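Index from 1, following the sequence. As the structure is a prediction and not an experimental result, all values here were calculated from the model.
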Amino acid sequence: MKAVLDRVLTWPNERQENAAKLLLLMESQDQSDYRLTDAQVEEVQRRQADPNPRSLTLEEFKERLSRRLSE
């Protein structure tokens, strides 16, 4: 890791600034109070693995929402 960071210091200033912004963004995500549960992580992975995800029409979405709200 140290070797990579040392190389970053040889990059042009604009590129160094972009690298710093990226690292700061990653750091801020670690400080967030929001965390996914294991089940949520599994669901995200399942959805990302589906090469042909099915999209709902607006009408299908409304129907499912109304069913959920009436339960």
Side-chain angles (χ1 to χ4, degrees):
M1 184 66 176
K2 175 102 170 74
V4 172
L5 293 175
D6 287 341
R7 285 196 309 273
V8 168
L9 295 174
T10 68
W11 295 355
N13 285 341
E14 184 178 350
R15 187 137 173 114
Q16 287 183 41
E17 289 172 14
N18 288 340
K21 287 177 187 175
L22 178 63
L23 292 171
L24 288 169
L25 177 62
M26 292 173 66
E27 185 179 52
S28 70
Q29 290 173 344
D30 289 341
Q31 296 169 359
S32 173
D33 292 334
Y34 297 106
R35 297 284 183 261
L36 295 178
T37 65
D38 290 343
Q40 289 171 322
V41 170
E42 289 176 12
E43 178 64 14
V44 169
Q45 291 170 339
R46 183 190 68 76
R47 289 181 186 209
Q48 288 177 334
D50 187 352
N52 298 307
R54 183 177 182 282
S55 298
L56 296 178
T57 65
L58 181 56
E59 290 305 314
E60 290 171 320
F61 175 78
K62 287 179 182 178
E63 174 61 30
R64 286 186 184 190
L65 183 60
S66 68
R67 276 188 276 153
R68 254 192 195 172
L69 294 174
S70 66
E71 291 177 353

Identify each donor-acceptor pair in which a side-chain atom of residues 9-19 lies under 3.5 Å from a protein atom, sequence neighbours left out, and give them as a table.
unit_1 : atom_1 : unit_2 : atom_2 : d
T10    : OG1    : R7     : O      : 2.5
Q16    : NE2    : L9     : O      : 3.1
Q16    : NE2    : W11    : O      : 2.6

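- Linking ILVMFWY residues whenever their side-chain heavy atoms come closer than 4.5 Å, directly or via other members, places L69 and F61 in the same cluster.
- Rounded to the nearest 0.5 angstrom, D6 CG and M1 CE are separated by 11.0 Å.
- Among pairs with a residue in residues 41-63, those fulfilling side-chain hydrogen bond (donor to acceptor under 3.5 Å, both in side chains) read E43-R46, E43-R47, R54-E60, T57-E60, E63-R67, at least two apart in sequence or across chains.
- Q40 contributes a side-chain N or O that, together with a main-chain N or O of T37, makes up a donor-acceptor pair within less than 3.5 Å.
- Every residue two or more places apart in sequence or in another chain was checked for a salt bridge (charged side-chain N to carboxylate O under 4.0 Å, His left out) with K21, and none qualifies.
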Check residues 28-36 and write down every donor-acceptor pair under 3.5 Å in which the side-chain atom is one partner and the other belongs to a residue at least two apart or another chain.
unit_1 : atom_1 : unit_2 : atom_2 : d
S28    : OG     : L25    : O      : 2.8
S32    : OG     : Y34    : N      : 3.1
R35    : NH1    : S32    : O      : 2.9
R35    : NH2    : D30    : O      : 2.8
R35    : NH2    : S32    : O      : 3.3

